[in-house]
Amino acid sequence: MYNYALHKQINKVLASNNIDAGGADIDFYTRLIANAAAIQALYYTIYAGHTAADELFDEMIATIVVAHNQRSKALKQKDAEKQQKDYWFLSNKIAGMSLYVDRFCGSLKHMPAKLGYLKNTGINLLHLMPVFESPAGESDGGYAVSNYRKVDERFGTIEDLLVLQEHMQAEDMYLVVDIVLNHTSHKHEWAEKAKQGDKKYQDFYYMYSDRTIPDSFERTMPEIFPESAPGSFTWSAACNKWVMTVFHNYQWDLNYTNPAVFVAMLDNILFYANIGVDILRIDAPAFIWKALGTTCQNLPKAHTILQLIRQCVQAAAPGMALLGEAIVAPKDILPYFGTGKAAAQECDVAYNATQMALQWDMLATGDTRVMYAAQYLLLQKPYGATWITYTRCHDDIGLGYDDSMIAEAGYSPYEHRKFLKEYYSGQNGSPARGALFSVNPKSQDARISGSLASLCGLEKALGDNDDVAIKTAIKKILLMQAHSFFLGGIPMLFYGDEAGYTNNYSYLQDATKSYDNRWMHRPIIDWQKNGNTKVPGTVEYAIFTGTQQLLALRKRLDAIADLKNITWLHTHNKCVAGFIRYNNKSQIFCLFNFSSSETFVAVSVLSYGGKTYNTLYDNFSGKYITESTGYFAIEAYGFYIIEGH
Ligand code: GLC
C-alpha cells in the first residue's frame, strides 16, 4: 500500500542516517519500504492516541536504521545466505541444546572448547540460558535482567560472548539467546530510577498508589507461582507504590501501553540481533499485554506487539528468527504463528509444549488417545513456521492441554491429571522420581519438575541396582527423544539429558534456589561422568549413543524437514502413536509403542495412500521388520523409523 506521507517521513530518517538507498543499502531500503505500511499500521493499532506516539514512531524507525548501519558485514552476508534458503529454520539438519553456561562448563570462555562435544552429539544450535546481568539470589535463573547489554560476571563478558559467536559461525552453528520482554529485574536502571521517583521511568511499569486497581486486576489474573510468589502485585516501599509483578516479586512487569517501552526494548532486541543471534527466544510473550477484566494472557495486543517486532527485525536483521516461548493452552498457541493475513508473520518458531506434555501423558498411561485428540489443533500450524520439539527443558511440565481432549479419550479430566501428578511424583509404586511444582492450594492445579532420566525411572532403577529397570528406563528415554526428534520442528535437547543425568537435589541447600524445585532438573555437569559417554557398557554410553544415532538419522532423512508434511496414522492400537513424514521422494513411517508390553500393528497401517511395500526397513535398528499373518511386533517402549521398499 503506497502512502506518500509515510515514505517521505521514512526517507527523511534515512537521509539523516546516511543510507545509500540506491547502492550499498538497497536490500535494506527495499525491506524497510516493503514493511513500512505494516509497521505503521501495527504501531498505530497499539499507540494511536498516545501523546508521544508520533515522536516515538520516528524514533522507532531511526532505531531500525541505526541497527542496520551497525550490523557487521559478516552478519549481512549470513542474512543473505539464509534468505536464499527460504525458511532456513525448517531444515531437518538443525538440532539444538539448551544449557546454563555456568552449570555446563563454568563460563563463556570455556564454551568454545565444548563445541566439539555438542557437534559430536549432533547439535548445531545452542540456546544459552540467560547470560545477561541479573542479581544473584533474585535472578530466576537469569530471567530477571538488570542490564540487557552487560553479560553477568558469573558467565564472563560481552567479548567472551562475541568470541563464542565467532567460533560458532565458523563451525556453521546457530546461536539462540533470550530477550526477557515481559519484565525487568527491580534492580534494572529503569526500575531504580522509578524507585527514585522519576515519573518517566515509573511509566515504564504498572504502578499504583493504592490497592484499587491491583485488586481489580487480581480478580481475573491467574497466579503463576502461587507457592513462592502469590498474587500479581508487590509493594515497593522505595516508591510507595504497588508494582505489577506477575512472576516473582523481584520481576517488574514492563508497561507496553507506553510506546517508549516498546522502542527501548526494540533497541535491545536489535542489539542481540547484531551480536549474531540466529534465533531470539522471546521469553513469556503471552504476558506482555495487560487489560483489566482479563487473564492478562494471550491478549490480541500481545500478538500485535509481536507482529510489530517481527516486521522491524525483518527490516534490520532478516536473518534472525523469532521463537515465542508461549507455554499456553493448545488453542492459544497457534495464534503465536500469526493468524489471517498475518499467518506465518509473527513468531517463526514456538514451543510445542502441548505435544511435550502429551508425550509424558502417553508414557504414564501407555495410551495415545489423549495425544491424538490434540492433533487437529496442532496441525493448523501455518507453512513457514515451525516448532521447538522437546521432552524436557529448564521449566516444569504443565498439564495444560484441554479437558475435552482427556474426555474424548474416555477419562475424567480431574482423575486423569491426578493420576499423572501422582505418577510423576513417584507415588503409588510409580518408577518416576519427580516432584509437584507450583501447587495451587485453591484449585489443586500443579505442574511437574524432574529430569528426563528421573521421570523415566532411571533414578529409582539405579538406586535399586535393578538392571532390568535400568534397561527399561533407557528405552523410555530414547522413545521420548525419538518421538520428539521426528515429529517436525527443531529438536531442543536439555543439557545433561544426552548423558542420563538424574535429579540433582543440591538446590535444597541453597537458600536462593530452595524455594523453586525446578532446580532439581538443572544439572551441574560432571565431565568425568560425561566421559562415560565413550565407555561401552555404561548407562551414559547407551543413552548418548542412542541419542546421537537418532540425531544423525534425522539429519539424513530429508522428509523430516518441517514442511507441513506430517500425517497421523490410525494405528488401530491405542498404545502406538504413528505418523508419516514425507516429501516427493520418500515416506518415513514413525511408530512408537508407549506401553510396557510388546504390542502388534497391522502391516496394512503402512499401506497409506494405497501404496504397499515388499520390505520394511527400520532405520534405527538397521533391521528389516518381519511380519506374521499381517502383523508386526513392537517391543515394550520400542519404536521404528521405517522406510518401505
Ligand atoms: C519463562 C521462563 C521461566 C521463567 C519465566 C519468567 O517462562 O522459561 O523459567 O520463570 O519465563 O521469566
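For the numbers below, each heavy atom of this structure counts, side chains included, while hydrogens, waters and symmetry mates do not. Counting starts at 1 for both ligands and their atoms, following the listed order.
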Sub-3.5 Å pairs, protein N or O with ligand 1 N or O:
unit_1	atom_1	unit_2	atom_2	d
ligand 1	7 (O)	Glu325	OE1	3.2
ligand 1	7 (O)	Glu325	OE2	3.0
ligand 1	8 (O)	Arg281	NH2	3.1
ligand 1	8 (O)	Glu325	OE2	3.4
ligand 1	8 (O)	His394	NE2	2.8
ligand 1	8 (O)	Asp395	OD2	2.4
ligand 1	9 (O)	His394	NE2	2.9
ligand 1	9 (O)	Asp395	OD1	2.8
ligand 1	9 (O)	Asp395	OD2	3.4
ligand 1	9 (O)	Arg518	NH1	3.3
ligand 1	10 (O)	Asp140	OD1	3.3
ligand 1	10 (O)	Asp140	OD2	2.6
ligand 1	10 (O)	Arg518	NH1	3.2
ligand 1	11 (O)	Asp283	OD1	3.0
ligand 1	11 (O)	Asp283	OD2	3.1
ligand 1	12 (O)	His183	NE2	3.0
ligand 1	12 (O)	Asp283	OD2	2.9

Show me the side-chain donor-acceptor pairs of residues 477-496 shorter than 3.5 Å, one per line, residues at least two apart or across chains.
unit_1	atom_1	unit_2	atom_2	d
Gln481	OE1	Thr391	OG1	3.2
His483	ND1	Gln359	OE1	3.2
Tyr495	OH	Pro523	O	2.6

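- For residues 498-521, the ring-ring contact (aromatic ring centres under 6.0 Å, His included) pairs, not counting sequence neighbours, are Tyr100-Trp519, His248-Tyr515.
- Contacts classified as ring-ring contact (aromatic ring centres under 6.0 Å, His included) and involving residues 269-306 (residues at least two apart or in different chains) are given here: Phe132-Tyr272, Phe247-Phe287, His303-Tyr336.
- At a threshold of 4.5 Å between non-hydrogen side-chain atoms, the residues Met168 and Leu126 count as touching.
- In this structure, Lys114 satisfies the cation-pi test against Trp527, with its NZ or CZ atom closer than 6.0 Å to the six-membered ring centre and inside 45 degrees of the ring normal.
- Of all heavy-atom pairs spanning Pro135 and Ala144, the tightest one is CD-O, 3.5 Å.
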